[in-house]
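Here's the structure, in structure tokens; my notes come after.
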Amino acid sequence: MTEAGGSSTEEQPGEEELLERAAEQGIHRLAIPTPFQVGRVNAYLIEDSPLTLVDSGPNSGKALDELEQALAAHGRSIEELELLVITHQHIDHFGLASILARRSGAEVAALAGLAPYLRDFRAAAELDDRFAEQTMLLHGIPAEVVTALRAVSASFRAWGSAVEVTRPLRDGEELALRDRTLRVLHRPGHSPSDTVLHDESRSTMLAADHLIKHISSNPLIARPLDAGPDFTGPRPQALVDYIASLKRTREMELSLVLPGHGEPIDDHVALIDQRLRLHDRRAEKIHGLIAVAPRTAHEIALQLWGNIAVTQAYLTLSEVLGHVDLLLAQGRVVESESDGVVRFTAM
Ligand SMILES: [Zn+2]
């Protein structure tokens, strides 16, 4: 699912140096443990007024404990936080937000369209699971695998927690702190709610999972934020959206990108170009498989990733469907449904 990230040459500054540059701007990375395969998630403490924390880590005692220690290492406590920013709807990023808001009284900022999702997280997650289940069955994943994955997903839900957004954000608006102005930019693709914060005067971006150095962000197919409870389609174009978002970021003047996982990025153009090439190559490979014989998206995923297509069925399915969407848009593949299962045929 992931490919190795940017190759480093000797002239490029290392992780420590880039974190030092962030620290000079008053931004401190706090790497918080998660129970997920992705490993630690980056929260960022911004020493400014209001005292700001971007993302929080998952809802677990271990994450809370480490967050408190990390804040203490910077002479800060949870009670002092004044503004929490939530970058997107994934539980490793917002799970602790409700506890932090309760203890500190901090404002909670997130994209306005994400607020209903966060307010009623349990119900939203349930609808997400239902949508994922329908999508998996429609694309050839066996019912017993779907049932097993649903149980896994339900067990993960405890790492999230509902939170009330008190400071809804709009795409393009400015979030003014005493010493800096952060422009809020909606960059959907990895999730429908991906939000990045751009400090134009310092050429710095807090990017969350929009751009990560060591892994290619998975454009997960997810229910649109404004979808009703009975939403069944059309299928959201996660990868198409993600590529459009990447291209917008590519055009920006940036010298420091602080991602939601892993180390800072100082050459976003090279990294984005690498990602765009990866997606091109993968689309070609998938086209090759479909050209041999019409296939379901799950069959394609099995061909590409073997058993991972079973254990991580929704992730791999999203990956395949994203690339098939690119091929559909190019008119190189057609989609047809029979007996409740979709197959793709090359033109
Ligand atoms: Zn994420």
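Everything numeric in this text was worked out from a predicted model, so none of it was measured. Excluded from the calculations below are hydrogen atoms, water molecules and symmetry mates; all remaining heavy atoms, backbone and side chain alike, are included. Order of listing sets the numbers, starting from 1, for every ligand and every atom in it.
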Side-chain touch D273/L276, heavy atoms, less than 4.5 angstrom: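 Touching, per the 4.5 Å side-chain cut-off.
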Note, V184 side chain near R170 side chain (heavy atom, < 4.5 Å):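 Counting from C-beta outward, V184 and R170 never come under 4.5 Å.
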Closest [X] atom to the Zn ion (ligand 1) [N, O or S only]:
| X | value |
| --- | --- |
| H90 | ND1 |
| D209 | OD2 |
| H190 | NE2 |

H190-H210 side chain donor-acceptor pair, cut-off 3.5 Å: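 No donor-acceptor contact under 3.5 Å links the two side chains.
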Working for side-chain hydrogen bond (donor to acceptor under 3.5 Å, both in side chains), residues T87 and D55: CA-CA 6 Å; T87 61; D55 285 340; 2.6 Å; yes
H88 N/O/S atom closer than 2.8 Å to the Zn ion (ligand 1):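 An N, O or S atom of H88 is closer than 2.8 Å to the Zn ion (ligand 1), so yes.
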